[in-house]
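One structure is given below, encoded as structure tokens.
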Amino acid sequence: VLRDDFRAACGLTSERFLIAANFFLFNVVRGGRNVIPVDEFVRHAVVGDHSAAFDRLGLFVLNLSLGGKRSKSGNGVEFPAPWANEFVKQALWQSGRWRRAALDEPAMDAFLASRITGVADAKQKCRSNYRHLYELTKYLPSASPAINTGAEAWIAAALFTAWDRRALAAGMVTPPPSSAALVRASEAAEDYKLLGLDVGEFRVLAPPIADQYASAGGLARFGGGIAPPAPTAPTTTPAGVAPTGAAKPSPSPAPAVDLGWLTVAGSEAAVEREISRRLEQKRDQVLATKLKSLYEHRCMACGEAVVIGFDPERHYAEAAHIKPLGKPHDGPDKPGNMLVLCANHHIQFDRGVLSIRRTPAGAAFVSRIPGDPTHGKAVALHPKHKLEPDCVEWHSTTFARVGE
Ligand SMILES: [Zn+2]
């Protein structure tokens, strides 16, 4: 669609917008005219329902800061918000999560003030509007020191958008790069910081999304494709129609990926729920696996690491949820609600034969088996692992009642 038509249709008539459409949209120049191509972000804006996940995707796109080129240069469109990109990567993200402290107004302002260019009044509005985006996305207000970005709900759309835009910026025609190359490029560009993930989580979450992207044909999934930049070609593009001169790409051979559920599920929303569900499962597996490694697969109750293989030696442990997941308890699926236990102690823990309670010195095990050496033993937490007091309280009160 031609940029001017897009703006008129959206009611964007003024020349001055603070956090303007320019920050969110990608622009290409065809025959001297500014054209907005369809990418994953545009697709969500047009066909999706408004949701918190979409707001988060919008913030990601602003932070990604890939804006394409415009015929009237001077707006810094190619990389429109370097300050936002740098803010997330340098100030907000730390050790795999976004730090709440970086979103404090004075801290944020100190970082951004020198980096946003323009007249003073516009700079000030830009900074406060950027902060307002963190409120719209519900990342603020928050008392938690580390912000969970909930990236499971929007990571697929975010990575599709990033890969679309990099392909558009390179004037790339199909087929898309291999899924391994897509993941490598994203990792090199530190997309995981914009997602609020650590690199380990990213390496688990990104490959299945890259497989989907590659097998969907990359940009060609929109049916138009985009021709390499050809500045001499005259344009005949009518408003509201994909740019002409874009060669219809031949479909690339799809790798063997199970896409059955895409067609069975039917609606867009169902497809997105399914992607979210699959990614959440992956992420849970990552968290549980990392926690088990942290304790070297030793049961926190008895200290045993059960050997299940030699050469190389392999051990088995389970991640036990303190407050159960799902209805009716809805315990959180995070390390603060997990213990690493051997299979025997896991069963006892789930039945409340073994429990934990809070003591002034920290959490301690409570066993209902007379003479059990585990009874009264302190829960020896790794320095990187903290338990959620609410979850400990839940286990202790729930099973105290059962046992008494
Ligand atoms: Zn044990």
Side-chain angles (χ1 to χ4, degrees), residues 93-97 99 144-146 148 151-152 187 192 196-208 279-325 331-369 371-396 399:
W93 185 93
Q94 203 171 78
S95 310
R97 285 289 174 274
R99 290 182 310 126
S144 166
N148 178 1
E152 300 85 358
E187 191 175 322
Y192 54 92
L197 299 174
D198 76 25
V199 75
E201 289 170 314
F202 178 81
R203 285 176 186 154
V204 171
L205 294 174
L279 293 176
E280 274 165 28
Q281 282 177 349
K282 288 260 182 200
R283 180 163 169 157
D284 299 347
Q285 287 162 13
V286 175
L287 291 176
T289 302
K290 282 166 87 173
L291 194 66
K292 287 187 274 188
S293 301
L294 201 59
Y295 288 95
E296 296 171 325
H297 294 79
R298 275 181 201 289
C299 172
M300 293 168 75
C302 65
E304 290 293 321
V306 180
V307 177
I308 51 159
F310 293 106
D311 195 30
E313 193 167 276
R314 289 170 59 86
H315 296 97
Y316 177 78
E318 298 179 352
H321 287 94
I322 300 170
K323 191 174 180 182
L325 303 182
D333 204 357
K334 48 189 182 183
N337 187 34
M338 290 179 195
L339 293 177
V340 175
L341 296 175
C342 67
N344 291 343
H345 280 124
H346 191 175
I347 293 167
Q348 291 186 348
F349 189 75
D350 282 352
R351 305 277 162 93
V353 173
L354 181 69
S355 183
I356 44 175
R357 65 185 173 87
R358 298 168 73 184
T359 75
F365 285 104
V366 180
S367 174
R368 316 222 182 268
I369 302 168
D372 186 342
T374 308
H375 183 73
K377 196 175 153 183
V379 178
L381 291 169
H382 188 279
K384 288 184 177 170
H385 184 208
K386 288 193 173 51
L387 297 181
E388 297 266 337
D390 290 354
C391 299
V392 176
E393 194 62 34
W394 180 89
H395 206 275
S396 130
F399 290 109

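Positions are given from 1 along the sequence.
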TODO: Would you check if the side chain of His395 reaches a backbone N or O of Phe349 as a donor-acceptor pair within less than 3.5 Å?
DONE: yes
Open item on the list: If you count heavy atoms of other groups shown closer than 6.0 angstrom to CZ of Arg99, is the number above 12?
Closed with: yes
Open item on the list: Less than 4.5 Å apart, side chain to side chain, heavy atoms only: is that true for Met338 and Leu387?
Closed with: no
Open item on the list: Do Leu354 and Phe365 make a side-chain contact, defined as non-hydrogen atoms from C-beta onward lying under 4.5 Å apart?
Closed with: yes
TODO: State the CG-CD1 distance between Leu341 and Ile347, to the nearest 0.5 angstrom.
DONE: 11.0 Å
TODO: Tell me, with the steps shown, if Arg358 and Glu393 meet salt bridge (Lys or Arg N to Asp or Glu O under 4.0 Å).
DONE: CA-CA 7 Å; Arg358 298 168 73 184; Glu393 194 62 34; 3.8 Å; yes
Task: Heavy-atom pair of closest approach, residues Leu325 and Gly331 - done: CD2-O, 3.2 Å
Task: Short N-O contact, Lys377 and Asp372, less than 4.0 angstrom - done: no
Open item on the list: Is the shortest side-chain heavy-atom distance between Leu294 and Lys384 below 4.5 Å?
Closed with: yes
Task: Min side-chain heavy-atom separation His321-Cys391 under 4.5 Å - done: no
Open item on the list: Before you tell me yes or no, could you show the steps for Asp333 and Lys323 under salt bridge (Lys or Arg N to Asp or Glu O under 4.0 Å), namely the whole-Å CA-CA distance, both residues' side-chain angles and the distance that decides it to 0.1 Å?
Closed with: CA-CA 9 Å; Asp333 204 357; Lys323 191 174 180 182; over 6 Å; no
Open item on the list: Contact between Leu339 and Ile356 at the side-chain level, heavy atoms closer than 4.5 Å - yes or no?
Closed with: yes
Task: Check: Ile322 and Glu388 side chains under 4.5 Å, non-hydrogen atoms - done: no
Task: Heavy-atom side-chain proximity of Val307 to Tyr316 below 4.5 angstrom - done: no
Open item on the list: Can you tell me if Glu187 has over 12 outside heavy atoms packed within less than 6.0 Å of its CD?
Closed with: yes
Open item on the list: Going by side chain to side chain donor-acceptor pair (under 3.5 Å), name the residues that satisfy it together with His346, two or more places apart in sequence or in a different chain.
Closed with: Glu318, Asp350
Open item on the list: Rounded to the nearest 0.5 Å, what separates atom CD in Glu201 from atom CG in Leu287?
Closed with: 5.5 Å
Task: Plane angle bin for Tyr295 and His385 - parallel if under 30°, tilted between 30 and 60°, otherwise perpendicular - done: perpendicular
Open item on the list: If you define the side chain from C-beta out and look only at heavy atoms, does anything of Val366 sit under 4.5 Å from Phe399?
Closed with: no
